[in-house]
Amino acid sequence: MTNPVDLIDEEIKTVQEQLDIDIQKVSLLQQEIKQIQEQAQAAINEKQTQINNATQPIIENQGSIKKLKELKTKLEGKIETTTKK
């Protein structure tokens, strides 16, 4: 008959081996998550750069439209003044 202490030692060894395997799995999954986060951040940064690059012409065009509208208003005022004379 097998010694109960030996059986317990064998069970501890088996459970410890499984624990080590599970810890390694968790570690690998954490590394995967870190890589995914880094890739996601890089993609976000790239899209933010694209947004910034696309926003600059919008701001410039809005400024141009404002100036053109002001010029139009001034010209319309001059035309009305000239017409009334």
Side-chain angles (χ1 to χ4, degrees):
M1 185 161 188
T2 307
N3 181 342
V5 172
D6 290 341
L7 287 173
I8 291 172
D9 284 342
E10 195 59 37
E11 183 65 21
I12 289 171
K13 182 182 174 189
T14 302
V15 172
Q16 184 64 50
E17 287 173 354
Q18 186 60 50
L19 177 62
D20 292 344
I21 291 169
D22 291 343
I23 289 172
Q24 188 173 8
K25 284 179 184 178
V26 169
S27 178
L28 290 172
L29 289 169
Q30 287 173 329
Q31 289 175 5
E32 279 186 60
I33 288 171
K34 184 177 179 184
Q35 290 172 345
I36 291 167
Q37 287 173 327
E38 289 170 354
Q39 292 169 352
Q41 189 60 52
I44 289 168
N45 292 346
E46 174 62 26
K47 291 301 175 186
Q48 189 60 54
T49 299
Q50 291 175 8
I51 288 170
N52 292 344
N53 291 340
T55 301
Q56 187 59 38
I58 291 171
I59 293 169
E60 291 171 2
N61 285 337
Q62 287 173 332
S64 295
I65 288 171
K66 182 179 178 185
K67 288 178 183 177
L68 289 169
K69 285 182 178 180
E70 290 170 356
L71 178 61
K72 177 184 169 190
T73 302
K74 286 180 185 177
L75 287 174
E76 287 173 341
K78 286 184 178 180
I79 291 171
E80 284 181 23
T81 306
T82 305
T83 304
K84 288 181 181 178
K85 288 181 179 181

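No hydrogens, no waters, no symmetry mates; every other heavy atom, side chains included, goes into these values.
Annotation: the span from E17 atom CD to D22 atom CG amounts to 12.0 Å, rounded to 0.5 Å. Atom-to-atom distance recorded for I23:CD1 and L19:CG is 4.0 Å, nearest 0.5 angstrom. T14 contributes atom OG1, which lies 5.5 Å from atom CD of E11 (distance to the nearest 0.5 angstrom).
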Does the pair E46 and Q50 meet the rule for a side chain to side chain contact (heavy atoms under 4.5 Å, CB included), with working shown? CA-CA 6 Å; E46 174 62 26; Q50 291 175 8; 3.1 Å; yes
For N52 and Q48: C-alpha separation, side-chain torsions, deciding distance, then whether side chain to side chain donor-acceptor pair (under 3.5 Å) applies. CA-CA 6 Å; N52 292 344; Q48 189 60 54; 3.2 Å; yes
Only distances under 3.5 Å count here; give the side-chain donor-acceptor pairs of residues 67-77 to other protein atoms, sequence neighbours excluded, each with its distance to 0.1 Å.
| residue | atom | partner | partner atom | Å |
| --- | --- | --- | --- | --- |
| T73 | OG1 | K69 | O | 2.9 |

Sequence neighbours excluded and cut-off under 3.5 Å, please list the side-chain donor-acceptor pairs for residues 31-39, or say none.
none

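Q24 and D20 share no donor-acceptor pair across their side chains, judged by distance under 3.5 Å alone.
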